[in-house]
Amino acid sequence: MIAHVHVDAPVITIDRPFDYEVPPQFETLIEPGMRVSVPFGSRRLLGIVTGVSEGTREGLKPLEALLDEESSLTDELLDLSTHVKETTLCFRSSALLAMLPAALKVSYDKEIKGETLPDGVRAGTHLSEYPKETQSIILALAKKGDILLAPVLKEKRTVKTDLVIELIDATLIPARAKKQQEAIKLLKDVPRMYWSSLRQIGLSRAQLQKMESLRAVKVTEVELNRDPYATIEQVIETVELNESQAKAVHAIRDAEAGETLLLHGVTGSGKTEVYLEAIGQVVDDGKQAILLVPEISLTPMMVKRFKRRFGDRVAVLHSALSQGEKYDEWRKIKRREVDVVVGARSAIFAPLENIGLIILDEEHETTYKQEENPRYHARDVAIWRAEYHECPVVLGSATPSLESYARAQKGVYRYLQLSERYGGEMPPVHIIDMRRELAKGNTTMFSEDLFVAINDRIAKKEQCVILLNRRGFTTFVMCRDCGEGLTCPHCAVNLTYHQHGDRLKCHYCGYEIGMPSKCPTCDSKKIKQFGTGTQKIETELLNRIPEARIIRMDQDTTSRKGSHEQLLKRFEDGEADILLGTQMIAKGLDFPNVTLVGVLAADATLGMPDFRATERTFQLVTQVAGRAGRGSLPGEAYVQTYNPDHYVIETASEHDYESFYAREMQLRQVGNHPPYWYVTLVTFAAESPLVAQAEAELFAADFVEAHVAQSRLNGPMPAPLSKLKNLFRYQLFIKTKHPEALYPVLATLQQARAKAISKKEYQLSIDVNPYVFM
DNA sequence: AGCACGCCGACT
DNA sequence: GTCGGCGTGCTC
């Protein structure tokens with residue numbers, strides 16, 4: 001028997017199946033989708049079995065071990081990996097591994113073998129257990145042949161276990177064994193007990209063993225799940241749906257196999273109720289559902305709602321869980337113990353076998369696109385899986401992406417609207433012209449009107465949310481004498497100032513130095529940071545309103561695990577008047593006592609080299625304004641800008657998606673941007689800018705030669721981030737109307753460069769439907 | 001990616 | 001005469 005195996009090595013020349021002989025003892029156990037350990041050259045690697053065939057062939061090595069008792073990937077997911085590979089131009093192994101929880105990946109080490117070992121080194125131990133110096137001694141000895149190093153593969157997964165103790169015969173325990181008698185007494189009340197609870201009476205492991213050997217009790221080891229939400233009780237609430245919600249639920253239920261529906265509902269229109277109800281119906285039919293949410297809105301509140309509705313039958317997958325917890329959730333799905341999977345992007349690969357509905361909430365969120373290989377978009381994967389399972393996909397948003405809305409307009413997606421808003425009208429939005437503030441001599445980040453409004457809320461014991469649109473501006477350092485900015489020595493970017501530790505960091509390569517006291521170019525002491533951070537804004541606020549109680553949420557205050565939730569909880573409990581933060585506070589928050597929302601620098605991102613900048617600004621302003629007045633109190637929003645007449649500011653402040661869409665689509669058409677064209681970004685990086693440019697030109701020429709129908713090319717041009725980690729970068733934009741014709745051509749061009757890339761002459765990266773253009 | 005193999009300079 | 005530099009090529 002032969003196994004076809006994809007090995008864990010992300011290299012283009014290895015991106016194909018390798019065949020292995022299946023030893024007889026594995027023949028009845030092996031299945032496609034299993035993880036295996038295989039010899040590969042002089043190494044030993046993790047592999048995924050993608051197929052098995054009968055017969056045998058000369059020169060095959062036997063595979064070494066099966067790492068799973070049953071397949072980790074279903075046939076569907078194996079198929080899907082091919083689709084992901086072809087549409088994102090990644091390696092098959094990358095696609096396969098992206099579908100597995102991190103706990104199922106492995107690390108590689110060397111086991112030390114031999115008779116005569118140096119002092120302190122023992123046979124059977126692993127190389128990585130020793131300090132660096134010892135490691136090099138061992139490696140040197142291995143080279144001489146004095147020590148043998150055997151490659152080993154270390155599993156990361158851990159399964160928490162406990163013992164279950166069952167009473168068989170109480171009379172077998174002698175009366176003088178006091179502790180054992182005590183345990184028996186407990187077991188008479190509860191005949192099956194966990195060791196973790198039984199041991200609390202002070203019973204030792206030896207005493208338990210004694211009881212077992214007397215056959216008074218039976219002891220079995222069981223797997224335990226680390227349940228991070230163990231304490232939530234299931235409550236089946238009957239939700240009263242309004243008319244448009246009920247219509248939406250109906251439409252989802254009646255949807256055709258593989259159909260995509262766009263659910264457009266303003267903030268507060270009750271999309272979550274629609275999700276709960278539609279998923280409830282699917283579950284009642286005996287099928288399963290996936291709900292994807294952006295990481296940021298996967299809040300405890302949100303999770304609690306689903307846990308209450310579906311109890312133990314929900315698996316939650318998000319980054320706040322430990323690797324082990326994620327693995328436990330994943331295994332619950334695999335064992336068919338859940339009906340509903342709620343999670344961030346990668347939850348789209350949940351190994352469900354009978355999916356009846358897939359929902360992407362906040363479908364416009366760019367976090368659904370993975371920015372490293374495999375560069376997949378969860379929306380595309382969702383649509384593929386829905387076709388496979390012949391079930392609908394629901395894309396929900398208050399501010400749909402232009403791509404999705406355009407498809408709904410064309411009838412490719414079915415359009416559903418939720419028009420009614422709980423708590424009445426959207427809050428009024430005041431546009432503040434910051435140019436006028438500046439003319440009045442106000443150099444702070446706050447307009448007079450906003451200060452007055454904040455003061456008013458504090459007096460009324462209501463709460464405010466202040467959002468700094470941080471993207472697009474950073475605090476950098478410049479010399480006031482010579483005008484030199486402090487840049488990263490490895491990348492073409494300014495270093496960013498971090499108050500925490502008084503240091504300068506490069507956000508791209510990790511380079512960091514302490515804040516210098518004088519300019520490295522001219523020795524002047526007039527070196528100073530520019531720009532605005534949340535800390536500076538907090539200071540400005542306190543200068544003006546000293547009694548304000550502020551909770552600041554940014555990278556510095558939320559880096560610790562759980563601090564995010566903690567800060568929100570404190571705000572919810574009324575421990576502060578103002579919640580001040582960056583993008584992270586824009587979504588998912590629902591505090592009834594918030595009646596004022598302020599957006600500072602609403603237009604800060606408009607100048608970025610990104611055709612989606614206006615769309616993002618629209619989404620941000622609309623979403624954040626919707627945060628005000630969620631409770632019984634009326635709310636309002638203040639949007640500060642230097643571009644008060646810009647159509648994005650005007651339409652967002654009127655909550656007018658249609659007008660924004662119409663204007664933006666015109667610009668997209670003129671600029672040949674999505675959704676009119678599908679865009680692919682190809683980036684070339686090399687030590688020499690000339691090599692990067694030359695390779696880009698060569699690629700461009702080859703692409704033109706391939707004559708892909710209805711396609712065009714922009715570039716090559718230097719990337720906006722022209723140097724990164726000491727590599728110079730050029731890029732090429734390929735636009736097409738026929739992506740399915742483009743992918744195979746890109747694959748061919750990529751393959752043709754395999755040798756040069758493996759020789760590290762340059763790096764090539766292909767990003768289909770990019771969201772980052774740097 | 002790793003790792004071995006192999007063919008030229010520097011050293012005991 | 002041997003150690004080790006890293007260019008080249010392969011991994012079922």
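Letters A, B, ... are given to chains in the order of the sequence lines, protein chains preceding strands, and every chain is numbered from 1. Excluded from the calculations below are hydrogen atoms, water molecules and symmetry mates; all remaining heavy atoms, backbone and side chain alike, are included. Bear in mind the structure is a predicted one, so any value in this text is a computation, not a measurement.
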Derivation of the salt bridge (Lys or Arg N to Asp or Glu O under 4.0 Å) call for A:Lys332 and A:Glu329: CA-CA 5 Å; A:Lys332 277 199 258 172; A:Glu329 295 293 292; 3.2 Å; yes

Residues A:Arg35, A:Glu155; criterion salt bridge (Lys or Arg N to Asp or Glu O under 4.0 Å); working and verdict: CA-CA 11 Å; A:Arg35 298 175 312 132; A:Glu155 287 248 40; 3.1 Å; yes

Nearest heavy-atom neighbours spanning A:Lys110 and A:Val152: N-CG2, 4.0 Å

Nucleotide N/O to protein N/O under 3.5 Å, stretch nucleotides 6-11 of chain C:
unit_1, atom_1, unit_2, atom_2, d
C:dT11, O3', A:Gly41, N, 3.0

Any residue meeting ring pair (Phe, Tyr, Trp, His ring centres under 6.0 Å) with A:Tyr508, in chain and number order, not counting sequence neighbours: none

Touch class at under 4.0 angstrom, heavy-atom based, for A:Lys755 against every strand present: nothing

A:Phe349: ring pair (Phe, Tyr, Trp, His ring centres under 6.0 Å) partners, not counting sequence neighbours: A:Tyr376

Pull out every protein N or O sitting under 3.5 Å from an N or O of nucleotides 2-5 of chain C, one pair per line with the distance.
none

Throw together a table of side-chain donor-acceptor distances under 3.5 angstrom for residues 761-774 of chain A, partners on residues two or more places apart or in other chains.
unit_1, atom_1, unit_2, atom_2, d
A:Tyr762, OH, A:Glu695, OE1, 3.3
A:Asp767, OD1, A:Lys369, NZ, 2.7
A:Asp767, OD2, A:Arg375, NH1, 3.1

A:Tyr327 side chain to A:Arg157 side chain, donor-acceptor N/O pair below 3.5 angstrom: yes

For a quick test of your reading: what N or O donor-acceptor pairs under 3.5 Å do the side chains of residues 55-62 of chain A make, sequence neighbours left out?
unit_1, atom_1, unit_2, atom_2, d
A:Thr56, OG1, A:Glu21, OE1, 2.6
A:Arg57, NH2, A:Asp19, OD2, 2.3
A:Lys61, NZ, A:Gly41, O, 3.4

Pairs where residues 714-725 of chain A contributes a residue and the test side-chain hydrogen bond (donor to acceptor under 3.5 Å, both in side chains) is met, not counting sequence neighbours: none

Under the ring pair (Phe, Tyr, Trp, His ring centres under 6.0 Å) test, residues paired with A:His490 that sit two or more places apart: A:Tyr511

Any residue of residues 88-109 of chain A with a heavy atom less than 4.0 Å from an atom of DNA chain C: none

Contact list for residues 25-65 of chain A, test ring-ring contact (aromatic ring centres under 6.0 Å, His included), sequence neighbours left out: A:Phe18-A:Phe40

Side-chain donor-acceptor contact under 3.5 Å, A:Thr88 with A:Tyr743: no

Between C1' of C:dC12 and NE2 of A:His4, the distance in whole Å: 11 Å

Along DNA chain B, first and last positions that approach a heavy atom of chain A under 4.0 Å: B:dA1 to B:dC3

With A:His83 via ring pair (Phe, Tyr, Trp, His ring centres under 6.0 Å) - residues at least two apart: A:Trp384

